[in-house]
Each structure stands twice: as C-alpha cells, then as structure tokens.
Amino acid sequence: MGEDNTELTIAVLCFGPLAEILERNHSITLETPATCQTAIVQLGIEEWLDKGLTVAVNGVMSALDTVLHDGDELALLPPVSGG
C-alpha cells in the first residue's frame, strides 16, 4: 500500500479582530490527521476557544474536531460584540 501524504494545506480566512492579529487570508500546512482545533493551535490563537470562537469548513459551520482535508477552507469566526 502506498504511503499517504503526511501534510495538507488549507486556506484560512480570519474575521473580526482575528483579521487584525493574523492575515485575513492565508494558507497553512498541517501534519495529518488534522482538525480545526489542530489548525487553531498551530496558529497560536487557542485562547480564542475560551472566548467563543466558532469555525466553518468550506462554508459550513463545523465542530472543532472536524477533520480537515487538503485544499479545505477554514473560516475563523470570533464572537460578535456590539451595543
């Protein structure tokens, strides 16, 4: 059996204050298997998980344990505040 790729590349879209901390649009490479949470940890923004960060994969709201595949788009959606 052939060896599977051990890395995958995903597009990351950041919104709200995360777009100011990170680039709004960029890509990252992760070791497989990778989940949304894996990507968040690699980006160094895991403290946002306690602030109510939600994610969408390929435009669909997803759980943090959703497995990512090469070419996926991960949107990072911080909670909205306002008055």
Side-chain angles (χ1 to χ4, degrees):
M1 194 176 232
E3 191 173 322
D4 290 334
N5 289 338
T6 58
E7 292 185 336
L8 59 93
T9 301
I10 62 166
V12 180
L13 302 177
C14 300
F15 295 91
L18 286 177
E20 297 172 16
I21 296 169
L22 304 169
E23 295 177 42
R24 181 163 166 74
N25 299 305
H26 60 286
S27 63
I28 61 170
T29 301
L30 301 165
E31 290 187 20
T32 59
T35 64
C36 296
Q37 187 159 355
T38 305
I40 291 166
V41 170
Q42 181 166 319
L43 289 165
I45 56 167
E46 57 270 20
E47 71 274 4
W48 282 87
L49 295 172
D50 293 334
K51 297 178 183 181
L53 179 69
T54 56
V55 297
V57 176
N58 300 324
V60 178
M61 296 302 289
S62 301
L64 293 173
D65 62 356
T66 299
V67 175
L68 297 169
H69 303 282
D70 193 50
D72 280 349
E73 177 185 84
L74 173 64
L76 303 175
L77 309 163
V80 178
S81 63

message: Within this structure, what is the OG1-CG distance for the pair T6 and L30, rounded to the nearest 0.5 Å?
response: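 Spacing of OG1 (T6) from CG (L30) equals 11.5 Å.
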query: Out of curiosity, L74 CG to I10 CD1, how far, rounded to the nearest 0.5 Å?
result: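 Answer for the CG-CD1 pair, L74 versus I10, is 4.5 Å.
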- request: Compare all side-chain heavy atoms of Q37 with those of L49 and state whether any distance is below 4.5 angstrom.
  value: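 A side-chain contact exists here, since the closest heavy-atom pair is under 4.5 Å.
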task: Flag the pair C14 / I21 as yes when at least one side-chain heavy-atom distance between them is below 4.5 Å, and no otherwise.
output: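 The answer is no; the side chains never approach within 4.5 Å.
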- request: Might you work through the side chain to side chain contact (heavy atoms under 4.5 Å, CB included) test for L43 and L76, ending with a clear yes or no?
  value: CA-CA 11 Å; L43 289 165; L76 303 175; 3.8 Å; yes
- prompt: In the hydrophobic cluster built from side-chain contacts under 4.5 Å, what are the other members alongside V67?
  reply: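 V67 clusters with nothing; isolated.
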Residues that, via side-chain heavy atoms closer than 4.5 angstrom, fall in one hydrophobic cluster with L77: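 L13, F15, M61, all in the cluster of L77.
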field: Residue pairs fulfilling side-chain hydrogen bond (donor to acceptor under 3.5 Å, both in side chains) with at least one residue in residues 46-67, sequence neighbours excluded
entry: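 Listed once each, the pairs are N58-D72.
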- prompt: Where do L53 and P78 come nearest, in terms of heavy atoms and distance?
  reply: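 Scanning both residues, the minimum pair turns out to be CD1-N, 3.7 Å.
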message: Please enumerate all residues that pass side chain to side chain donor-acceptor pair (under 3.5 Å) together with T35, with sequence neighbours excluded.
response: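 So T35 forms a side chain to side chain donor-acceptor pair (under 3.5 Å) with T38.
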Partners meeting side chain to side chain donor-acceptor pair (under 3.5 Å) with T29 (sequence neighbours left out):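 Partners of T29 by the side chain to side chain donor-acceptor pair (under 3.5 Å) criterion, ordered by chain and then number, come out as T9.
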task: For a side chain to side chain contact (heavy atoms under 4.5 Å, CB included) with L22, tell me which candidate from R24, E20, H26 qualifies.
output: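 That would be H26.
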